[in-house]
Amino acid sequence: MVEDSSPRNTLSKLSLRLGLATAVIATSCGVSALPAQAASLSTLQKQAAAASAQAAAARAKADAAAQQVAAAKAASAQSASRVAAAASQVDAAQGQVSSAGVELSASEQKLANAQRTVLETRQQLQQARDYDAQLASELAAAQDALADAKGAVAAGQAQLETQQSLMGSAAREAFQQQSSIEGLATIFGSQTPSDLSQRLQWSDTIFDTQAAEKARLDLYQTQLQASRDLQAQIEARVSAAKDASAAQVRIVADLERKATEAQAAFQSLVAQNQQALQQAQAVLSANQGALGSAQGAQSAAQQQLSAAQSQLAASQAAIAEAEAEAAQTQKEIQALIAAQKAAAAASASSGSAPASGSSSGASGSVSSSGFIRPVDANPGSPFGMRFHPILHYWRLHAGTDFGAACGTPIYAARAGVVLSAGFSGGAGNRIVLGHGTINGSYVTTSYFHQSKFAVSVGQQVSRGQLIGYVGTTGLSTGCHLHLEVRHDGTPVNPMNYIP
């Protein structure tokens, strides 16, 4: 079977040894010690009481250290959980920053493409405008040529009309003068050969002139038609140039509008992605700060845990030291017990009677074990497991509470010796009485939370003797007496002894 080496079990064993060590008290109830032995016993009793006080103090420190260790472990676990949560948030924020960076890069690339498209479109627009200016210049020249052509057409039309008028007059005149004797009149009407020759020459001249006028008329008609054709060509070219220029300007303007809209949209997208990236970076920074704080808290919690564990180890070492001291004291007391037994046997053979103590005002019934109720009050919280009202966890309530007012007298439940009287951590001001061996077990009674003492360590007391006053020192929620009864250091129900 593995032995329990916890601080609480170690203290129980120490209490058992101290109880056995103080078994010498039994001799004070029925055996008279030699003067030198009594002095040694008194010294050892004081040493035992001091060891008991040290053990109690070590126990209180160990309990407090154990609680600090538990609290530090809980704090460390909570800090570790916070660190893990903060690290997870940092990872998520880093993912968001990475995603936002990718989206920003993509939108910036789209914006660059849109800006390049806008630049190319503006270049096309400028080329279209240059071409439009060229067309405008050509149109102006064509319009000048058209004006000249129109003027030529008008002049040719006038010449043609004039020539047509002349030709019409000549034709009418020739027609009117045409007869069968016109040639004869030319011949016979001449007075002289010279006159005939002149008449014939004149007739030829008139004929030639008419032929020339006819030819000029034909030329004017041809030129007029050419001018009209040129005018039509110029007008068609001017109209086509105007339509082409207008169409090119509309196309390029629409391209520029679309490119500008795309650029504006991508600029807005870039701005949104930049804002999203900044927000993600801010979240990441905040989460990194939280992670740093959590890591700092975890480090502090681990330091507190280490300190608490060191304090617990020191308390356990103090318990071991007190146990060793108690063991040594036990050996010395056992030696004195043997000597006192021999003295008791010699005294009995000589016929002397032991001295007896006297009660000092205790009243009430006495149990079959020789115990009285130590305080004038009814029992309250009983012996057994309970949820501690201050420490807030379940543990053994190793005694019985009597709800008496502060200052109420406390009497010895049975005759015995004062093993300890002092402050003892959660027990507050406590007195421990040793009552010797009863039914094979060394019995002690303990009186917790006192306001002040009426006896001192090593003092022998009788049943019903005043030993102190009710208080609320230590871990106490109000004025009361906490009474414990122990067999060889193990707590038992006090109400098995108290009437």
I would like to know whether Asn429 and Phe448 meet side chain to side chain contact (heavy atoms under 4.5 Å, CB included); could you show each step before the answer? CA-CA 6 Å; Asn429 293 329; Phe448 288 26; over 6 Å; no

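- When side chains are defined from C-beta on, Ser81 does not count as touching Gln78, because their heavy atoms never get closer than 4.5 Å.
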Where do Ser462 and Gln465 land on the side chain to side chain contact (heavy atoms under 4.5 Å, CB included) test, with the steps shown first? CA-CA 6 Å; Ser462 59; Gln465 182 176 336; 3.5 Å; yes

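- Using a distance-only test at 3.5 Å, with no hydrogens or angles considered, a donor-acceptor pair links the side chain of Ser476 to the main chain of Gly478.
- Taking CD1 of Ile498 as the reference point, atom OG of Ser367 lies at 6.5 Å (rounded to 0.5 Å).
- Ala421 and Val455 make their closest contact through CB-O, 4.4 Å (heavy atoms, listed as atom of the first residue, atom of the second, distance).
- Residues passing the salt bridge (charged side-chain N to carboxylate O under 4.0 Å, His left out) test with Glu256 are Arg122, sequence neighbours excluded.
- Residues Phe453 and Ile431 have side chains in contact (heavy-atom distance under 4.5 Å, counting atoms from C-beta outward).
- With values rounded to the nearest 0.5 angstrom, Arg486 atom CZ is found 6.5 Å from Ser446 atom OG.
- A distance-only check finds a donor-acceptor pair linking the side chain of Arg373 to the backbone of Pro499 [under 3.5 Å].
- Side-chain contact between Gln94 and Gln288 is present, with heavy atoms from C-beta onward closer than 4.5 Å.
- When Val485, Leu419, Leu433 are each tested for a side chain to side chain contact (heavy atoms under 4.5 Å, CB included) with Thr444, only one passes: Leu419.
- Closest heavy-atom contact between Arg414 and Gly370: CG-O, 3.4 Å.
- In Asn439, the CG atom is not crowded: 12 or fewer heavy atoms of neighbouring residues, nucleotides or ligands sit closer than 6.0 Å.
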With side chain to side chain contact (heavy atoms under 4.5 Å, CB included) as the test, would you mind laying out the steps for Val418 and Val461 before giving the verdict? CA-CA 7 Å; Val418 181; Val461 297; 4.1 Å; yes

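- Annotation: the span from Tyr442 atom OH to Thr490 atom OG1 amounts to 14.5 Å, rounded to 0.5 Å.
- Screening residues 459-481 for ring pair (Phe, Tyr, Trp, His ring centres under 6.0 Å), with sequence neighbours left out, gives His449-His480.
- Crowding of Asp376 atom CG: a count of heavy atoms from other residues, nucleotides or ligands under 6.0 Å not exceeding 12.
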Go through the steps for His435 and Tyr497 under the test ring-ring contact (aromatic ring centres under 6.0 Å, His included), then give the verdict. CA-CA 13 Å; His435 304 291; Tyr497 292 87; 9.5 Å; no

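- Residue Ala66 comes nearest to Leu312 through the heavy atom pair N-CD1, 4.1 Å, listed as atom of the first residue, atom of the second, then distance.
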When you look at Ile438 and Phe371, which way does the side chain to side chain contact (heavy atoms under 4.5 Å, CB included) test go after all the steps? CA-CA 12 Å; Ile438 301 176; Phe371 287 80; 4.2 Å; yes

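- Contact between Ser381 and His397 at its shortest, heavy atoms only, is O-CE1, 3.4 Å.
- Of all the heavy atoms in Leu483 and Pro374, the pair that sits closest is CD2-CG, 3.8 Å.
- To the nearest 0.5 Å, the span separating CG on Leu104 from CD on Gln272 amounts to 11.5 Å.
- Sorted by first and then second residue, the side-chain hydrogen bond (donor to acceptor under 3.5 Å, both in side chains) pairs with a member in residues 95-114 read Ser107-Asn273, Gln109-Asn113, Asn113-Arg116; sequence neighbours excluded.
- Between Ile410 and Val470, the closest side-chain pair of non-hydrogen atoms falls below 4.5 Å.
- The minimum heavy-atom distance between Thr117 and Ala259, with the atom names listed, is CG2-CB, 4.2 Å.
- Residues Ser79 and Arg82 are in side-chain contact: their nearest non-hydrogen atoms beyond the backbone lie under 4.5 Å apart.
- Applying the salt bridge (charged side-chain N to carboxylate O under 4.0 Å, His left out) rule to Lys73 yields no partners; only residues at least two apart in sequence or on another chain are considered.
- Ring-centre distance between His482 and Tyr447: not below the 6.0 Å cut-off.
- One finds the CG atom of Leu481 at 7.0 Å from the CZ atom of Phe402 (value rounded to the nearest 0.5 Å).
- With sequence neighbours left out, the salt bridge (charged side-chain N to carboxylate O under 4.0 Å, His left out) criterion links Asp254 to Arg257, Lys258.
- Within the 4.5 Å cutoff, side-chain heavy atoms of Leu255 are placed close to those of Gln124.
- For the residue pair Asp130 / Gln126, a side-chain donor-acceptor distance below 3.5 Å is found, with atom types taken as modelled.
- Atom OH of Tyr131 has 12 or fewer heavy atoms from other residues, nucleotides or ligands within 6.0 Å.
- For the pair Leu291/Val83, a side-chain contact is recorded, criterion being any heavy-atom separation below 4.5 Å from C-beta on.
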Using side-chain hydrogen bond (donor to acceptor under 3.5 Å, both in side chains), reason through Glu138 and Gln134 one step at a time and then give a plain yes or no. CA-CA 6 Å; Glu138 293 178 356; Gln134 178 183 352; 3.2 Å; yes

Distance-only donor-acceptor pairs under 3.5 Å for side chains of residues 295-311, two or more places apart:
unit_1 : atom_1 : unit_2 : atom_2 : d
Ser310 : OG     : Ser306 : O      : 2.9

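- Atom OG1 of residue Thr473 and atom CZ of residue Phe423 lie 6.5 Å apart, to the nearest 0.5 angstrom.
- Inter-residue side-chain proximity for Pro494 and Glu484 is flagged as unmet; no heavy-atom pair is nearer than 4.5 Å.
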